[in-house]
Amino acid sequence: MFDLSELEAAAEVVHRTVPASPALRWPLLSEAVGADVVVKHENHLPTGAFKVRGGVTFVDWLRRTHPDSPGIITATRGNHGQSQARAAVAAGLRAVVYVPEGNSVEKNAAMRAWGADLRIFGADFDVAREEAFRVAEDEGLTIVPPFHKELVRGVATYGWELLSAHPEIEVLYVPIGCGSGICGCIAARDALGHKAEIVGVVSENANGAKLSVEAGRLIETNSAATFADGMAVRIPVQAAFDIYSKGAARIIQVSDAEVAEAIRLYWSATHNAAEGAGAAPLAGLMQERAAMAGRTVAVIHCGGNIDAPKFATVLNGGIPAP
């Protein structure tokens, strides 16, 4: 998908405004799962999530290739919207962001703080996305789809950072929403010639990516009712599917209960807050701990933007409502 020079160029653009994230070993975490675990802390970045990287590269591309565009329009459950608003507003552009009804209160507040014109529409992400795409032409704005080559090139820089510094990693767990994260990791691994297996993790309540790989074609789900909102996608993206269906070793699904357990482990072992999608890779590793015993594995902590009431519910042993 990208050669090494393209990823290095992307990293140069990203690192102008976004620092490299730490990759850390936590003894209590490794002890709990019985493996040598490296955590890539994308939650330590501006906006608190990995998506910030793709916003930088997409807006850089937009300004170079469409200099007359007045701004962008997109749909999100939160982290993508923060990323696009941050980058667009910093470049002097408008940023219109659609979210579904009932979206995270705290993510909505963060997007507004980054300068987004936030609009609430529809029952879920996919309906909000359709509306954003519908009004884009009327407002003269550039659509930012959930999956785009420039988004993936930016996101791939975290995989490039991690795998170039850690040749010892044998297995890497990555969550799947629309697919930019896992496709970025696959691109980085292949460009570096790294040997790590990449395992995709989806919610059992939003498992279209897993069903699609098993069927060999896109499978939509009727709902995506999970509190791990970063993975709450009903309709898989064909371009992403074309990459992860070939490049991932396997895709596994985790329950909301397993995600909540992983959030609690992150807090007790590392004192890092994790949102649902951010903890899903660790939940996948915990599910496969017998097979991973004694191996060197990595998990992507892709975001820490969990609303306080949901975090409190998890820490008290519960499972938040979707």
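- Using a 4.0 Å cut-off between charged nitrogen and carboxylate oxygen, D307 and K107 do not count as a salt-bridge pair.
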Please evaluate residues M111 and R86 with respect to the criterion side chain to side chain contact (heavy atoms under 4.5 Å, CB included), reporting the C-alpha separation (whole Å), side-chain torsions for both, the decisive distance (0.1 Å), and the verdict.
CA-CA 8 Å; M111 285 183 278; R86 175 184 180 270; over 6 Å; no
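- E161 has a carboxylate O that lies under 4.0 Å from a charged side-chain N of K40, or vice versa, which qualifies the two as a salt bridge.
- To the nearest 0.5 Å, atoms CG (L93) and NE2 (H66) are separated by 12.5 Å.
- Closest heavy-atom contact between F133 and P145: CZ-CA, 3.8 Å.
- Between F311 and W267, the ring centre distance stays below 6.0 Å.
- L282 has its side chain out of reach of V259: every pair of non-hydrogen atoms, C-beta onward, lies at least 4.5 Å apart.
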Give the intermediate values and the outcome of side chain to side chain contact (heavy atoms under 4.5 Å, CB included) for residues V38 and L24.
CA-CA 5 Å; V38 179; L24 304 175; over 6 Å; no
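- Side-chain contact between T76 and V99 is present, with heavy atoms from C-beta onward closer than 4.5 Å.
- A donor-acceptor contact under 3.5 angstrom links the side chains of H80 and T74, judged on distance only.
- The side-chain heavy atoms of M1 and I186, taken from C-beta on, include no pair separated by under 4.5 Å.
- Remark: side-chain polar atoms of S268 are paired, donor with acceptor, to backbone N or O of L265 under 3.5 angstrom.
- Other residues, nucleotides and ligands contribute more than 12 heavy atoms inside 6.0 Å of the CZ atom of R264.
- Listed for the E275 side chain is a donor-acceptor partner under 3.5 Å among the backbone atoms of N305.
- With contacts defined as side-chain heavy-atom distances shorter than 4.5 Å, the pair V96/I72 does not qualify.
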Might you work through the side chain to side chain contact (heavy atoms under 4.5 Å, CB included) test for L192 and W160, ending with a clear yes or no?
CA-CA 8 Å; L192 289 164; W160 173 80; 4.1 Å; yes
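- In this structure, D124 contributes its side chain and D126 its backbone to a donor-acceptor pair below 3.5 Å.
- Under the salt bridge (charged side-chain N to carboxylate O under 4.0 Å, His left out) rule, R119 has a single partner from E101, E131, E139, which is E139.
- Tested against V14, the residues T157, V155, V52, D60 include a single side chain to side chain contact (heavy atoms under 4.5 Å, CB included) partner, T157.
- F50 CZ to C302 SG: the interatomic distance, rounded to the nearest 0.5 Å, is 5.5 Å.
- Counting only N and O atoms by type, the side chains of D256 and T226 include a donor and acceptor under 3.5 Å apart.
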For the pair V174 and Y244, evaluate side chain to side chain contact (heavy atoms under 4.5 Å, CB included) and give the outcome as yes or no after the intermediate values.
CA-CA 11 Å; V174 189; Y244 61 68; over 6 Å; no
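- Using a 4.0 Å cut-off between charged nitrogen and carboxylate oxygen, E130 and R134 do not count as a salt-bridge pair.
- No salt bridge links E106 with K310; every basic N to acidic carboxylate O contact stays at or beyond 4.0 Å.
- Between A248 and I182, the shortest heavy-atom contact is CB-CD1, 4.1 Å.
- With contacts defined as side-chain heavy-atom distances shorter than 4.5 Å, the pair L211/E214 qualifies.
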Test log, rule side chain to side chain donor-acceptor pair (under 3.5 Å), inputs E150 and T57:
CA-CA 6 Å; E150 283 302 314; T57 49; 4.7 Å; no
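- Counting only distance, with no hydrogens or angles, the side chain of S83 and the backbone of G55 share a donor-acceptor pair below 3.5 Å.
- Panel note: side chain E6, backbone D3; a donor-acceptor pair is recorded below 3.5 Å.
- Using modelled atom types and a 3.5 Å distance limit, the side chains of R234 and N222 yield no donor-acceptor pair.
- Side-chain atoms of R189 come within 3.5 Å of backbone atoms of G247 as a donor-acceptor pair (strictly under, hydrogens ignored).
- One N or O on the side chain of N272 and one on the backbone of T270 form a donor-acceptor pair closer than 3.5 Å.
- A side-chain donor-acceptor contact under 3.5 Å links S212 to the backbone of I219.
- No donor-acceptor pair closer than 3.5 Å links the side chain of E204 to the backbone N or O of Q253.
- Counting only heavy atoms from C-beta outward, the side chains of V297 and L172 never approach each other to under 4.5 Å.
- A donor-acceptor pair is defined here as one N or O able to donate and one able to accept, closer than 3.5 Å; such a pair exists between the side chain of R289 and the backbone of A32.
- With E168 as the fixed residue, the salt bridge (charged side-chain N to carboxylate O under 4.0 Å, His left out) test singles out one of K195, R25, R295: R25.
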